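Everything numeric in this text was worked out from a predicted model, so none of it was measured. This chain uses plain numbering: 1 for the first residue, then up along the sequence.
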Amino acid sequence: MNLPDPVSYAVPAFILLVLAEMLVAWARDKSRYEPKDTLTSLSLGLGSTIAGVIVGGAAYAIALWVWQFRLFDIGFEWYWFPIVFVIDDLAYYAFHRSAHRVRWFWASHVIHHSSQHYNLSTALRQTWTGFFSLGFLFRLPLFLIGFPPAMVFFLAGINLIYQFWIHTEVIDRMPRWFEAVMNTPSHHRAHHAINPRYLDSNYAGVFIIWDKMFGSFVAERDDDRPHYGIVKQLGSFNLLWAAFHEWIGIAKDVWAAPGLRAKIGYIVMPPGWSHDGSRDTSESIKQHWLNSQAGRGEETWKKPISSSSGVDQAGAPSPVG
């Protein structure tokens, strides 16, 4: 059964919604959109689309090859679609969590977090190296179970479309019942935040219940408004630097690392890990922050002073998301 690529049909709506949000945001606060940043996000999205066309056939071929070893023969009956949608979202959660906890995956995913702004154009800021980083491995179990690749890829596209609208500050909170089950702008703002409180939280794609089940949920707080980007900001709108800077960082660290164990560590350990402990990971940043709150009233995190170019002036550690 042939199913369309839903994302390709949604792209015109994405562009129109970005323009609409831009008008609303500018009416409230012109700083929410920065022209160069938005252009960078849109250009990275275009590059991601081109990369997807180039490697999409290979990913589908791998899925078909794995599918031939399936445990069950599952057809395209309607009731399988919601079941697969939920299972695929769980697979996305596993991928997304790994993309923040394993530097190899982070090198590809960091593109999406590299904007210091949070708006609908940020949703289009996607990786060019997803196939190279092997992120597709997290969906292979679905094919082994017996779910047809066409069905899985179609529903993965629906999942991606859902995630578009949650990249906004225009929407504050959704109804409580919705916030309890679904991923929302509020939950995802916390995910994109670099405040210590929010680091490595809210990995959900569609259903926030995964984060609540696996202990990674952190609610957005009005007294600690999110600040965005990566802990060590890019400081540049250069497309190639945005797309490949973490891969370059990995290569440099592996080259200079003393011994095989350290070299492997710079690939598979969390972002910010170092063989001599000289850098900070998201865990150590959060722990330092928690320690600073011990014994006195809790204070909100203060955003480091940054230059107009976005270069972090606070001596921030290696990038973590």
Side-chain angles (χ1 to χ4, degrees), residues 1-22 24-25 38 41-53 55-56 59-60 63 76 78 80-97 99 108-109 111-113 115 117-128 130-131 135-136 138-139 142 147-171 174-175 178-179 181-192 202-211:
M1 182 177 181
N2 292 322
L3 292 171
D5 175 14
V7 177
S8 61
Y9 289 97
V11 168
F14 289 166
I15 301 301
L16 290 175
L17 288 170
V18 167
L19 294 174
E21 186 200 38
M22 192 178 296
V24 174
T38 300
S41 293
L42 295 177
S43 300
L44 287 168
L46 176 61
S48 178
T49 300
I50 295 172
V53 170
V55 302
Y60 197 80
F76 286 87
W78 69 267
W80 285 118
F81 281 79
I83 294 173
V84 175
F85 186 76
V86 173
I87 297 175
D88 178 72
D89 194 55
L90 177 58
Y92 177 83
Y93 173 87
F95 153 74
H96 198 187
R97 186 162 184 160
S108 179
H109 185 60
I111 292 177
H112 182 59
H113 283 265
S115 173
H117 297 266
Y118 191 78
N119 50 57
L120 292 178
S121 74
T122 308
L124 306 179
R125 196 180 186 103
Q126 297 292 330
T127 183
W128 294 4
F131 182 81
F136 62 86
F138 290 86
R139 284 195 167 98
L142 279 74
F147 298 119
M151 178 188 293
V152 174
F153 283 115
F154 173 78
L155 293 173
I158 299 296
N159 189 305
L160 188 62
I161 290 172
Y162 178 91
Q163 293 185 51
F164 173 78
W165 77 279
I166 61 178
H167 291 81
T168 185
E169 292 185 303
V170 172
I171 299 173
M174 299 297 290
F178 196 87
E179 294 275 349
V181 178
M182 307 298 291
N183 201 7
T184 66
S186 176
H187 297 327
H188 207 57
R189 283 193 293 268
H191 172 71
H192 272 257
N202 301 3
Y203 301 110
V206 174
F207 302 109
I208 199 65
I209 56 174
W210 307 126
D211 287 285

Do [X] and [Y] touch side chain to side chain, with heavy atoms closer than 4.5 Å?
X	Y	answer
I111	Q126	no
I161	V7	yes
W210	R97	no
H191	D211	no

Open item on the list: Out of the candidates H113, H109, H117, H187, only one should pair with H192 under the ring pair (Phe, Tyr, Trp, His ring centres under 6.0 Å) rule; please name it.
Closed with: H113
TODO: Measure up the H188 and H167 rings against each other and bin them: parallel (under 30°), tilted (30 to 60°), perpendicular (over 60°).
DONE: perpendicular
Sequence neighbours excluded and cut-off under 3.5 Å, please list the side-chain donor-acceptor pairs for residues 147-160, or say none.
residue: N159; atom: OD1; partner: Q163; partner atom: NE2; Å: 2.7
residue: N159; atom: ND2; partner: D89; partner atom: OD1; Å: 2.8

Task: Other residues, nucleotides, ligands: >12 heavy atoms within 6.0 Å of F81 CZ - done: yes
Open item on the list: Tell me every residue that passes ring-ring contact (aromatic ring centres under 6.0 Å, His included) with F138, counting only those two or more places apart in sequence or in another chain.
Closed with: F95, F105
Open item on the list: Has R125 got a side-chain atom pairing as donor or acceptor with G45's backbone, closer than 3.5 angstrom?
Closed with: no
TODO: Assess whether side-chain contact (heavy atoms from CB on, under 4.5 Å) is satisfied between N183 and V206, documenting all intermediate values.
DONE: CA-CA 5 Å; N183 201 7; V206 174; 5.7 Å; no
Open item on the list: Which residues pass the side-chain contact (heavy atoms from CB on, under 4.5 Å) test with S121, not counting sequence neighbours?
Closed with: V18, Y33, T38, S41, N119
